[in-house]
There are 2 protein chains.
Amino acid sequence: MSPFENLISPSTGFTRDIAALTAAGSTTANEARTKLSTKARILHATESLFLQRGYEGTSLRAITTEANVNLAAVNYHYGSKEELFALLLQERLDPLNADRAKRLEALQAKGFDREHRVEQIIATLFLPALALARDTDQGGPDFLRFIGRAYADPSDFVRNLLAERYAKTNLKFKQAFAEALPHLSEHDLAMRLNFILDAVSSTLASEDVRRVIGGIQPSAVNDDTTLLAYLAPFLGAALRANVRTAAQIAALQTL
Amino acid sequence: MSPFENLISPSTGFTRDIAALTAAGSTTANEARTKLSTKARILHATESLFLQRGYEGTSLRAITTEANVNLAAVNYHYGSKEELFALLLQERLDPLNADRAKRLEALQAKGFDREHRVEQIIATLFLPALALARDTDQGGPDFLRFIGRAYADPSDFVRNLLAERYAKTNLKFKQAFAEALPHLSEHDLAMRLNFILDAVSSTLASEDVRRVIGGIQPSAVNDDTTLLAYLAPFLGAALRANVRTAAQIAALQTL
DNA sequence: GAAAAAATCAAACAATTGTTTTAATCAACC
DNA sequence: GGTTGATTAAAACAATTGTTTGATTTTTTC
């Protein structure tokens with residue numbers, strides 16, 4: 001098999017592997033994992049280590065050790081470290097961004113609620129991630145951390161990949177926010193969007209997201225709306241806040 | 001000289017070196033930099049490269065090349081890479097945190113403005129950085145980027161250093177926010193503070209902070225209050241926002 | 001069941017990292 | 001002015017990185 005085959009037909013739905021095997025009779029997910037193909041085990045190990053240490057912090061030897069696989073298997077099956085991680089990122093984030101774009105179009109076609117326009121766009125931006133995080137076939141409970149890692153990763157490789165591959169979707173959301181927040185200049189809006197996206201990314205990347213989710217409101221409808229109930233007003237208030245004049249701020253404390 | 005001397009008396013005020021030499025007659029800061037001692041050149045090169053690439057992305061060879069210095073000079077003068085960076089970080093951030101603590105105490109002694117309590121604390125948290133950024137002896141115009149890099153750096157070494165060294169100051173601010181925002185649970189407050197600190201850090205670390213500062217309000221009083229005029233209402237609104245119920249959010253968009 | 005293809009393996013490669021060594025040079029001091 | 005100590009220099013060290021090689025095993029195919 002050519003080492004580049006995956007890049008031609010990348011969609012494997014690889015989380016389904018483990019689910020199928022565990023259902024079939026194996027006791028633990030760990031046992032099931034040892035029965036997967038070498039190629040699949042590499043991908044699972046890569047995801048697990050990327051969650052913990054990011055792109056640059058994850059060596060191929062760490063991956064092959066975790067996967068119980070020979071070192072050369074990575075280059076044989078995936079070509080290179082970059083191609084391996086590109087495949088992993090696309091596999092995970094392509095469905096996310098497709099869902100985001102679809103929901104935004106649906107919302108625009110249906111029309112906004114005048115009062116909660118910003119919150120609606122925020123919800124459209126984050127609900128797909130939460131939905132996928134609850135779908136064990138697509139992402140599973142670690143999916144939020146995965147997103148956070150990906151969008152907060154400092155390596156040029158990951159940043160460029162995300163910027164190029166999801167530029168169109170990002171632009172659509174930016175335009176939607178711009179229409180909902182006409183009092184902000186393009187400059188202001190870009191800065192505030194960077195703020196909230198950075199903040200959400202690093203929060204999701206932190207190890208205790210689930211603890212946070214679980215600790216907010218025990219009586220919530222479900223995890224999705226619980227976390228959104230938490231984030232939306234916070235982010236919405238930040239985006240909506242008026243620009244204060246310098247004189248107003250100077251009065252707050254003497255320099 | 002013992003390679004650990006710096007750790008005993010770390011305060012050298014090293015930006016003053018260049019300022020003094022440029023004033024003395026050398027034309028450019030670059031020329032002045034070549035006349036500094038080997039030890040000082042290493043520190044300057046380290047700062048410059050840390051600004052661009054963070055801790056792990058900056059190799060000792062890159063530093064010694066930039067400083068026009070032999071590779072072994074780093075370990076000779078500073079002991080190790082970690083000790084070198086620890087010294088740099090302390091040199092820059094100790095004054096910042098001392099100023100923050102001092103201003104917060106002064107504000108608490110003087111009493112808060114009832115209406116703008118949160119904004120006052122935010123201003124106290126960020127004004128010292130802006131003031132130091134305008135002081136060429138202490139930080140200079142790149143200081144904001146330095147802060148951003150330091151607080152956004154993903155390496156364990158930098159994170160642990162900051163967490164341990166400035167734990168007391170951080171706790172005081174957290175308590176001040178807690179008193180100003182009694183409607184938030186400790187959990188809520190911790191999460192929102194993480195949000196805004198992460199967001200501010202990564203924004204400051206971006207390369208175009210000065211462009212942003214310059215582009216906001218040309219007619220502003222000065223850079224400090226301009227940037228704060230920009231940040232304070234944004235961050236204040238985020239901290240102050242009420243928690244919405246899950247049901248309210250679910251109504252915003254059909255899952 | 002033999003031939004062909006795919007997959008696995010141990011080993012080495014080339015490049016980079018932080019660190020150390022050993023010798024040469026410089027500066028200060030008596 | 002020679003001796004001592006501090007500094008600089010070139011080189012090598014040991015460990016890690018991603019990648020490749022070439023032989024061996026496993027699997028597929030006819």
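Just so it is clear: chains get the letters A, B, ... in the order the sequence lines come, proteins before strands, and each one is counted from 1. Keep in mind that the numbers below use all heavy atoms, side chains included, and drop hydrogens, waters and symmetry copies.
- Atom-to-atom, OH of Y78(A) to P of dT20(D) comes out at 17 Å; the value is rounded to the nearest Å.
- Distance, K39(A) NZ to dT8(C) P: 11 Å, rounded to whole Å.
- In this structure, N70(B) places its CG atom 12 Å from C1' of dT25(C), rounding to the nearest Å.
- Side-chain contact between Y166(A) and L96(A): absent, with no pair of heavy atoms (C-beta onward) separated by less than 4.5 Å.
- Counting heavy atoms from C-beta outward, R165(A) and D94(A) have side chains that approach closer than 4.5 Å.
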- Watson-Crick and G-U pairing of DNA chain C, under 3.5 Å, as dot-bracket with | and [ ]: |||||||||||||.||.|||||||||||||
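- Checking the phosphate oxygens (OP1, OP2) of dT8(D), a side-chain nitrogen or oxygen of T38(B) falls inside 4.0 Å.
- Annotation: cation-pi pair K39(A)/Y76(A) absent, no NZ/CZ under 6.0 Å from the ring centroid and within 45° of its normal.
- Put simply, OH on Y76(B) is 17 Å from P on dT22(C), counting in whole angstrom units.
- A 4.5 Å side-chain heavy-atom check between L161(B) and Q90(B) finds at least one atom pair inside the cut-off.
- A donor-acceptor pair under 3.5 Å is absent between the side-chain atoms of R100(B) and the main chain of P128(B), judged by distance alone.
- Side-chain contact between F85(A) and V158(A) is absent, with no heavy atoms from C-beta onward closer than 4.5 Å.
- Among the atoms of the strands shown, none is found under 4.0 Å from any heavy atom of A73(A).
- Aromatic ring pairs are classed by plane angle as parallel below 30°, tilted from 30° to 60° and perpendicular above 60°; the pair F146(B) and F143(B) is parallel.
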Throw together a table of side-chain donor-acceptor distances under 3.5 angstrom for residues 56-63 of chain B, partners on residues two or more places apart or in other chains.
unit_1	atom_1	unit_2	atom_2	d
T58(B)	OG1	L49(B)	O	3.4
T58(B)	OG1	G54(B)	O	2.6
S59(B)	OG	A62(B)	N	3.1

Below 3.5 Å between N/O atoms, which protein atoms pair up with nucleotides 15-18 of chain D? Just atom names and distances, please.
unit_1	atom_1	unit_2	atom_2	d
dG18(D)	OP1	K81(A)	NZ	2.9
dG18(D)	OP2	L60(A)	N	2.8
dG18(D)	N7	R61(A)	NH1	2.8
dG18(D)	O6	R61(A)	NH2	2.8

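- Looking only at distances, a side-chain donor or acceptor of K81(B) sits under 3.5 Å from a matching main-chain atom of Y55(B).
- Distances shorter than 4.0 Å separate none of the side-chain N or O atoms of H77(B) from OP1 or OP2 on dA6(D).
- At whole-Å resolution of the value, CD1 in I42(A) and P in dA7(C) are 11 Å apart.
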